[in-house]
Every structure is written in structure tokens, then in C-alpha cells.
Amino acid sequence: MYDLVIKNALLMNGYEEWHADLAVNGEKIEAVGTGLPGRREINASGKWLMPGAIDAHVHMSLPFAGSVSADDFESGSRAAAFGGVTTMIDFTAQQGDEGLRASFERRFRAADGKSVIDWSLHACIGRLTAQVLDDLEWAARFGLTSLKMFTAYAKSGLMLDDGAVFEAMRRCRSLGILPTFHAENGAVIDRLCDEFQAKGMTGIQTLPLTRPVFTETEAVRRIADLARAADAAAYIVHTSSGDGAAEIARARRSGVKLYGETCPQYLTLDDSLLKGTDGHFYSCCPPIRPVGQSEEIWKYIKSGDIQVVATDHCPFTRAAKNTWGGSIGTLPMGLPGVETMPALFLSEGRKRGVPTRLLVRAISALPARIFGLHGTKGSLLPGSDADLMLYDPAAEWAVAATGLHMATDYSIYEGRPVLGKPVMTISRGEIIVENGIWKGTPGRGRFIGRKRFDHSCALPVD
Ligand code: URP
Ligand code: ZN
Ligand code: ZN
């Protein structure tokens, strides 16, 4: 007799789809089969059962332009759980010349004891200091096996030059850490910002003019070239354009182990939203792109060249966005999304005829593989953590901010019709959301140290 058996669901692990019962004992998936008996049995016929989503890109309590992103680890993880997300990965924040250990310890102290779901951190730097280089070996051993860098944001002290990027890639390669990049050409962007500001053009419609698509494609191409030279794999976060995704695909075809992430906002929105009086509520970097770019990105999800969909969840309230005073230079950038990601991505993908196995893969199996969570997360195999999302594929609903749990008062998808809804979220065997009812407890989520990244091994996409 198992603790919990979910019966008759369509099991989907991102590769295969089959009808079976799934049994949980304690925190783990114990068996998959037929006729499994449970102390508690859930009849899930007509439902889909998949690994809980892994959001590999969130920013809880991130200071930005005088504000702080509105969700902390407690509220953000609760919202994530409502949406079927069972693991999230946030970032450390380097102060001054400090190394990875000091920035990790500060971020860990701020986050620990709050999250409802399991969580991890990417090491994140703005300067490749001697202390950072020293700490990389510790990071690899400790399970901080991805290093986030920026090729933009010089004015915030975050932009690395190409020499530092190349050096970081070589060190990451030798230690089993995956270098990841916010890929925009910061020097061009800063020049364009200065030019438009001098002309008095600071409104929200200037945002895409200061960060045109070529600033992304150029940076992706440069990172691909440096990765090839360093014989390292690399990962591009929040790919915002079809052209950027095409560069990732081109690099992959030429043998570079380049991996790509995109976000629901880049798959579903376009820059006409920036035209209204509420345009600044849609502000993020890179910006949402002209009509047509989203559909191009979908093509690269279908081809497997974009492997991961994550959110870049960085919500601000309308009041916080309204502090911008009409200037993008003082506008907190970032969008809410952790709670709506699984449902919205699955719905929009299904609408476009993307095979469901690719959709499930992009939000669970592949982020697990790429970020060293495989074996415990992103899988339905016995022995894995029982992190599960039960999903009603027939539910029809429309996004309304009032029904969501993120610490903001608007949704960028307000009114959008959605097909399919997560109806139960299970984290390490514990039902934390059931039919919209909250059952979790803050602080139950654990910090997860992650496995090393194997730079010599190409990841399968099919
Ligand atoms: O606008 C965004 N994306 N804010 C969060 C920080 C980042 O660059 O990912
Ligand atoms: Zn970024
Ligand atoms: Zn981000």
C-alpha cells in the first residue's frame, strides 16, 4: 500500500505519454504501473500528470531602479505553486569585489526559511574578480553549477568585457559550471540611450529603439564564438527575438554547445502594447519585440534549438512602475509571470500544434538536465522527488489578475483565454495546492545544490 496513488492519468515526462497509475511513498515517486493501491487514491482520469515545472529564471526581492521586485521567496514561491511550479532558481547578487561564497551566503540568508517549493541559486557576477575566480571551485563542489553573466548594464556595474567572458568560460569548462548570459550589446545600447535622451526621447516607446533586435543577435553570436574558442557550452537567458533564436540555432548547427531559454512574454506579446498609456507596465529588458518575432521563436522551440521556457519573473506593482516619471532610465524593468507560465505556455503551444512532449520537456525535463537537477527533479521515474503537476487539459478560463497570487496588481495577460489548468501541485509528496485551495507551508522548500554540468556531452533534444 502506497501513501498516495494518482490513478488513470495520462503520464507525460516530456518524452513519452502513457496511461498509468503513479504511486508516491514519502517524498519520492515509488512506482509507475497499473492497479497500484494507495492509502489515498486520486482518480485523475481525463487529467495529465507531469513533473512539476522548473522555473530556471526568477528574481525575488530584486532591487531595481529604486524599487524592489514585489514578490519575496515566500509570496513568489506560493504563487509559483498555484501555477504548478515546484522548483525555482533565483540568483546571487555580487556586492563590490566580493566572491561567490560571500554573495551566496547573503542571498541564502535572505531566502532561507521562506520558500514553499524547492529552490536553488545561479551564481551571478558583474565583475570577474580574483575572489570570484578563487571561489569557482567551491561553487562547483557546493552545487552552484551555473554562472550568470551580463554583456549589458555597464551603468549598473554588471557588464563584463569579452576577455572576462572568455576567461570565465574557460574556468567554468574545467570545473563543470555552465556559463549563462544576459545577451545584449551593452555598449551600443548605452550609446543609443544617450542619443535618445539628448533628443528628449525618454518615453516607453523609446525602449525598443534603444535595444533593437540586432543588439541581441550580435551578443548571441559573440558568446557563441567565445564559447567555441573556450571549448565550453553556454546558455542564453531570456531570448527575446526570433532573430536571436536563429543565431542560437545557427551556432548549434555549427557545433557550438549553445543552449537557449525564452519566456512566455516573448512568445505571446508584441511591442504594440508599449503604445498605450499603460505601455510602461510591459517594460522589461530585453523588450518585447515587433509583431512576427514571437512566431519565429516558436519555430525554434519546435526544432529543439530553444530548450527551456522560464519566466524572468520580476514583478512590480503598478504604483512601483508609476514612479518612472516618464523616463525609461528610472523605470523598474521586469514582468510578473511565475504563476501563469505553465498554463499559458502549454495553452499557447497546444494552440500552435507544438507536440505536448516538447512543451513538457521545455518546462521540466530539460531545465532539470541543463541545470543539474536530473535524478531528483523533472522526471516521473521511481526514485525521483514526487514533484508533480496534475493538469486538466479541458479547463477553459481567462487570465485575471484578481485570481492570481503574485504580489502585483496587474497581469500582462489580462483577459487572455487559456486552455488547460493545473489543478493540483505536489511537492516532494505533499499536496500543496488542490483545486485552487492552498495547503502549503512557508519554509518547507529546500535549497537544492545542483550537479556539475558536463561540457563534453551534447544534450539530446529528441
Ligand atoms: O527586465 C528584466 N528582465 N528584469 C530582470 C533583470 C534581467 O535582466 O533579467
Ligand atoms: Zn536579464
Ligand atoms: Zn532575469
Side-chain angles (χ1 to χ4, degrees), residues 54-72 76 80 88-94 107 119-126 146-160 165 179-186 189-190 193 204 206-208 210-211 215-216 219-220 223 234-241 244 259-267 269 271 273-274 279-289 308-317 320-321 323-324 328-338 341 367 371 406-408 412:
I54 296 169
D55 191 341
H57 188 159
V58 300
H59 300 281
M60 304 303 171
S61 306
L62 177 76
F64 205 124
S67 296
V68 176
S69 63
D71 267 317
D72 64 12
M88 59 185 189
I89 315 182
D90 205 295
F91 300 81
T92 66
Q94 185 184 29
R107 190 70 173 141
W119 59 285
S120 190
L121 295 171
H122 302 283
C124 180
I125 56 167
S146 45
L147 180 67
K148 165 87 176 291
M149 291 165 274
F150 300 82
T151 61
Y153 293 141
K155 288 177 184 166
S156 312
L158 291 172
M159 187 168 110
L160 293 188
V165 166
T180 78
F181 293 93
H182 172 126
E184 292 185 294
N185 184 316
I189 289 167
D190 287 346
C193 285
I204 187 62
T206 313
L207 181 65
T210 59
R211 307 180 102 92
T215 59
E216 179 168 82
V220 171
I223 288 161
Y235 176 97
I236 307 294
V237 306
H238 55 42
T239 309
S240 65
S241 63
Y259 301 101
E261 164 196 296
T262 191
C263 312
Q265 56 270 31
Y266 302 121
L267 288 166
L269 306 180
D271 64 2
L273 289 163
L274 302 177
H280 60 299
F281 296 148
Y282 296 86
S283 53
C284 57
C285 296
I288 51 176
R289 299 300 188 182
V308 174
V309 170
T311 62
D312 197 9
H313 177 74
C314 187
F316 294 93
T317 59
K321 291 271 191 196
T323 60
W324 74 315
I328 51 172
T330 48
L331 178 57
M333 297 286 172
L335 302 173
V338 73
M341 183 270 275
F371 291 111
M406 297 174 284
T408 183
I412 52 177

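Order of listing sets the numbers, starting from 1, for every ligand and every atom in it.
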Trainee: Is there a polar contact, in the sense of an N or O pair closer than 3.5 Å, between Leu62 and ligand 1?
Mentor: no
Trainee: Using a 4.0 Å cutoff against the non-hydrogen atoms of Cys284, which atoms of ligand 1 qualify?
Mentor: 1 (O)
Trainee: Could you measure the distance from the CG atom of Asp312 to the CG atom of Leu62? Nearest 0.5 Å is fine.
Mentor: 9.5 Å
Trainee: So, does Thr262 use its side chain to make a donor-acceptor pair with the main chain of Thr239 at under 3.5 Å?
Mentor: yes
Trainee: In ligand 1, which numbered atoms sit nearer than 4.0 Å to a non-hydrogen atom of His182?
Mentor: 8 (O)
Trainee: Can you tell me how far apart CD1 (Ile288) and CG (Leu269) are? Round to the nearest 0.5 Å.
Mentor: 5.0 Å
Trainee: Would you name the N/O/S atom of His182 that lies closest to the Zn ion (ligand 2)?
Mentor: ND1
Trainee: Do you know which N/O/S atom name in Asp312 is closest to the Zn ion (ligand 3)?
Mentor: OD1
Trainee: State the atoms of ligand 1, each with its element, that fall below the 4.0 Å cut-off from a heavy-atom position in His238.
Mentor: 8 (O), 9 (O)
Trainee: What angle, to the nearest 10°, do the atoms NE2 (His59) and NE2 (His57) form about the Zn ion (ligand 3)?
Mentor: 100°
Trainee: Could you tell me whether Ser283 and ligand 1 have an N or O pair separated by under 3.5 Å?
Mentor: no
Trainee: So, for Val338 and Met406, which heavy atoms are closest and what is the spacing to 0.1 Å?
Mentor: N-SD, 3.8 Å
Trainee: Judged by atom type as modelled, is there a donor-acceptor pair below 3.5 Å linking the side chain of Ser69 to the main-chain atoms of His59?
Mentor: yes
Trainee: If the plane angle is over 60° it's perpendicular, under 30° parallel, otherwise tilted; pick one for Phe91 and His57.
Mentor: perpendicular
Trainee: Hey, does Cys285 come in under 3.5 Å of ligand 1, counting only N/O atoms on both sides?
Mentor: yes
Trainee: I'd like the name of whichever of Val58, Val237, Leu158, Asp312 reaches closest to atom 5 (C) of ligand 1 through any heavy atom.
Mentor: Asp312
Trainee: Among protein heavy atoms, which sits nearest to atom 4 (N) of ligand 1, and what does the distance come to when rounded to 0.1 Å?
Mentor: Met333 O, 3.2 Å
Trainee: Taking Cys124's backbone N and O only, do any of them form a donor-acceptor pair with Thr92's side chain (distance below 3.5 Å, no angle check)?
Mentor: yes
Trainee: Has the side chain of Gln265 got a donor or acceptor atom that lies under 3.5 Å from a matching backbone atom of Thr311?
Mentor: yes
Trainee: What heavy-atom pair brings Asp90 and Met60 nearest, and what distance separates the two atoms?
Mentor: OD2-N, 2.7 Å
Trainee: Would you mind finding which of His313, Gln265, His57, His59 brings a heavy atom closest to atom 6 (C) of ligand 1?
Mentor: His59
Trainee: If the cut-off is 2.8 Å, does any N/O/S atom of Cys285 fall short of it from the Zn ion (ligand 2)?
Mentor: no
Trainee: Any heavy atom of Tyr153 sitting closer than 4.0 Å to ligand 1?
Mentor: yes
